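Below is one structure, written out as C-alpha cells, with a few remarks after it.
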Amino acid sequence: MQTQNIPPSRKDAETSEAGTSEATQAAPVSTTPVDMVRRLGRRSIVLVGMPGAGKSSVGRRLAKRLGLPFVDADEEIERAACMSIPEIFARRGEVEFREGEKRVVARLLQSGPSVLATGGGAFMSGETRDAVARQGVSVWLRADLHTLLKRVKKRTDRPLLAQGDPAQKLATLLQQRGDTYALADVIVDSRDVVHEMVVEEVIGAVQRHLIQYPEGTRYMSAPLGPADLAHAEPEPLAVGDITRSTVRVDLAGRPYDIYIGPGLLAEAGTHVTVLRKGARVAIVTDANVVAAGHLKTVQDSLSAAGIDHTAIVVEPGEKTKGWPGLQQVVEGLISARIERRDLVLALGGGVVGDLAGFAASVLRRGVDVVQAPTTLLSQVDSSVGGKTGINSPQGKNLVGAFHQPVLVLADTAALDTLPVREVRAGYAEVVKYGLLGDRALFDTLERDFAGVINGGPERITAVAASCMAKAAIVARDEKETGDRALLNLGHTFGHALEAGAGYSSRLLHGEGVAIGMALAFAFSARLGLCPGQDVTRAVRHLEAAGLPTRISDVPGELPDTDGLMTLIAQDKKVSRGALTFILVRGIGEAFVAKDVNPDEVRAFLAEMR
C-alpha cells in the first residue's frame, strides 16, 4: 500500500489528550469498519485510476465490507443515456461524454456516502476533483502497465483502447494522467493479488486519512511539531516508494492492528504514546537483536517520545524458552516495577515473542504486550494470534497461555539483518498458508518465492497475505477449539524433530515445520488421501526455497522411531491418548484428522528415516 505522507490532525490529537477516563486513555483507538463509516459522515470513497486498475471489482468488495452502497459512475452514465459508453463516444464524441460524466459524478457525490468507482478520465476534470475534495475521499488505485494490460486485453468496451495498439495507448494514457491521479487523497497499489488484500489496504489508508482530516476540516499546510506528534494517532505510512500494509485482527471486544512495512521500529514511541499514554515500557529482547541495532532504534524512539523504559536481554535460541528464561523475564519485569497499565514490548523472533508474551500474561495476572517481531517467521506467525508459552523437556510449548497482543509492529526492514537461513526458515510458515487452505497463494509463491526470501517487494505482500490468513482464522477460533488447529500443518512431526534435536541450532523451528509439512503430505498420500503429484509439487517447492524436507536432512543424531513416537505423543493436539494430525487432501485442502492409528504413524516414520 502506498499512502501520501500527511501529518495527523490537531483535532484528533487534542481529543486524545482530553480523554477523561482511565479506560478511554488506555484503550487503542477504534478503527473498525463501523468507526470508519462514522468518520466518513456524508463523504463517499471515490476510486480513481486507469482502465483495468480494478475500481469496480475492488469497489464492490469494499462497499460490502463497509456496508455502504456501491455505485459505478460509468453504469450510471449508461443508464441515464440509454446507451453504452462506446455508443456515447461514437454518437456524441468524447467532449460531450466528459460533460455528462461531470454532471453524473457531481450528482452521485450529493446522494450520500457510498463507494463510487469513476471512469478512467473522470479525475482529469478540475471541477470533478474539486467536487470530490469537498464531498469525498479520493483513492488512486495505482497499477503498473503490465498489470493494466493483462486486465484489459480481453475487454472490448473501452473506447479509448478500441483502436490501435492497446499497450501503447495505455502507456500514453498512464503518462498523461499519472501526475493528476497522484493528487488523490491516498494511493493504494492495485497489484496482481487477491482483491480482498487490496480492499484491506484501502481500508487502512482511508482510515488514517479520515483520522487526519475529520469531516468539515481543511487540509493543514503546516506540519505538526514533536509535541503534537506525541498525542497523535499511529501513522504507519509509506516510506519512499516502499509500501506498507495494515491487517486488522477482529476479536470481539479486543481488536488490534498489525502494521507491516519498513521503519516501524523507529516509530515505536509514537505508537506506544497513542496506545497507552503515560505507560512505562519494558522491552524484552535477545542478544542477537541487540547486536543488530534494533534495541537501540526502539530505545531512541521511546526516549524521543518521553517514555520511561527498561530492557531485559535474554540469550538467543530455543533453549531460552524454558523455566529459567521465564523466571529471568518475570523477575526482570517485577524489578522494573512494570504495573498493569504499563506495556511489555517483545522485540525479537518467535522465542522472544512467546517468552515475553507468556511472562506478560502471568505478571500481576496480566499486563498488555506489544509484539515487535524481527524475524520472518515471527512476523507471519508467532506474533499474531496470542499463543504464548515455553517448552518443557517433554515437548514444545506445553506450558503457556493465550494472551493477545494489543498491537503488532512488523518492521520488514529488520528482516534485512537476518542470516538467509533464518529467512528461509521463516518462509516455511509463509508457504504453510498456501498449502493448508489457499492453493492460489501457493501458485503465487511458486512464482515469487525468490523475491520473498531475497527481500524484494514480494516480501511485504507475502507477510500481509500470511497475517490476513491467520487473522481470519484467529477471529473465528481464538482458543483453537476448531479450525485454528489447521495452522499446525507440519507441526506435529516438526515439533518432535525439534525436541529430538534438543531445541538446538541443528534444526530451526521453520526447518522443522518444512520437514513436517513434507511428511504430512507424504503420510496423507500413504493413507490414500492426497494425490502423489501434489506431494511432489509441495516437496519440490520447499526444496527450491532451500528448506529441508527429509528426516535425514537434520544433522547429528535423533531419537529412534520409538523415541520420536514418544515425543509425538506429547503433542498438544493429543486428546486422551488419541493422536491428532493435520493431514491434506491436496494443496490447499488441509483438515483435522483425529484418532490416527499410531501403528501406521510408526511404520511411516520407520520408512522415512
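Because the structure is predicted, anything quoted here is derived from the model rather than measured.
Not a single donor-acceptor pair under 3.5 Å links the side chain of T128 to the backbone N or O of M124. Formation of a donor-acceptor pair under 3.5 Å by the S44 side chain with backbone atoms of V115 is not found in this model. Side-chain atoms of D72 come within 3.5 Å of backbone atoms of D74 as a donor-acceptor pair (strictly under, hydrogens ignored). Judged purely by atom type and a 3.5 angstrom limit, D354 has no side-chain atom pairing as donor or acceptor with the backbone of T388. Distance alone, capped at 3.5 Å, is enough to place a donor-acceptor pair between the D477 side chain and the R484 backbone. H209 places no side-chain N or O within 3.5 Å of a backbone atom of S138 that could act as its donor or acceptor partner. Y181 places a side-chain N or O within donor-acceptor distance of the main-chain N or O of G120, the cut-off being under 3.5 Å. R142 places no side-chain N or O within 3.5 Å of a backbone atom of W140 that could act as its donor or acceptor partner. Of the possible donor and acceptor atoms, one in the side chain of K55 sits under 3.5 Å from a partner among the backbone N and O of M50. Between the side chain of R459 and the backbone N or O of I453 there is at least one donor-acceptor pair closer than 3.5 Å.
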Under the salt bridge (charged side-chain N to carboxylate O under 4.0 Å, His left out) criterion, do D443 and R537 qualify, and how do the steps go? CA-CA 11 Å; D443 293 343; R537 188 177 169 195; 2.4 Å; yes
In sequence, state the C-alpha distance, the side-chain angles, and the governing distance for K470 and E429, and then conclude on salt bridge (charged side-chain N to carboxylate O under 4.0 Å, His left out). CA-CA 11 Å; K470 184 161 188 179; E429 292 282 2; over 6 Å; no
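Residues T147 and S190 come closest through the heavy atom pair CG2-O, 4.1 Å. Pairing each heavy atom of G353 with each of Q371, the nearest pair is O-NE2, 3.3 Å. The two residues A545 and F449 come nearest to each other via the heavy atoms CA-CE1, 3.9 Å. Between K432 and L487, the shortest heavy-atom contact is NZ-O, 2.9 Å. Pairing each heavy atom of L264 with each of A410, the nearest pair is CD1-O, 3.5 Å. What you find for P373 and S378 is that their closest heavy atoms are CB-OG, 3.1 Å.
Under the 4.5 Å side-chain criterion, counting only non-hydrogen atoms from C-beta, V584 is not in contact with L435. Residues I203 and R248 are not in side-chain contact: their nearest non-hydrogen atoms beyond the backbone lie 4.5 Å or more apart. By the 4.5 Å heavy-atom criterion applied to side chains, V48 and T180 are not counted as neighbours. Contact check for V463 versus I258: no side-chain heavy atoms found under the 4.5 Å cut-off. Contact of the L275 side chain with the L343 side chain is registered, since non-hydrogen atoms from C-beta on lie closer than 4.5 Å. Here the side chains of I582 and V592 are in contact, with some heavy-atom distance below 4.5 Å. Residues Q379 and I260 form no side-chain contact, since every pair of their non-hydrogen atoms from C-beta on lies 4.5 Å or further apart. Between E458 and R447, every side-chain heavy-atom pair lies at or beyond the 4.5 Å cut-off.
Remark: R177 fails to qualify as a cation-pi partner of F123 under the 6.0 Å distance and 45° angle criteria applied to the six-membered ring.
Using cut-offs of 30° and 60° for the angle between ring planes, the H271 and Y259 rings count as tilted.
Remark: R60 pairs with E75 by the salt bridge (Lys or Arg N to Asp or Glu O under 4.0 Å) rule, at least two apart or across chains.
T246 and R208 share a side-chain donor-acceptor pair at under 3.5 Å.
Going from atom CG of L441 over to atom CG of D448 covers 10.0 Å, rounded to the nearest 0.5 Å. For the atom pair Y256 OH and Q404 CD, the distance stands at 4.0 Å (nearest 0.5 Å). Here the CG atom belonging to L109 is positioned 9.5 Å from the OG1 atom belonging to T118, to the nearest 0.5 angstrom. With rounding to the nearest 0.5 Å, the separation of CD1 in I211 from CD in Q207 is 6.5 Å.
Note on E196 versus R65: no salt bridge recorded, every NZ/NE/NH1/NH2 to OD/OE distance being 4.0 Å or above. The existence of a salt bridge linking R254 and D368 is excluded, since no basic side-chain nitrogen approaches an acidic carboxylate oxygen closer than 4.0 Å. Using a 4.0 Å cut-off between a side-chain N of Lys or Arg and a carboxylate O of Asp or Glu, D381 and K387 do not qualify as a salt bridge.
Evaluated for a side-chain contact (heavy atoms from CB on, under 4.5 Å) with V206, the options L66, V139, V188 yield exactly one hit, V139.
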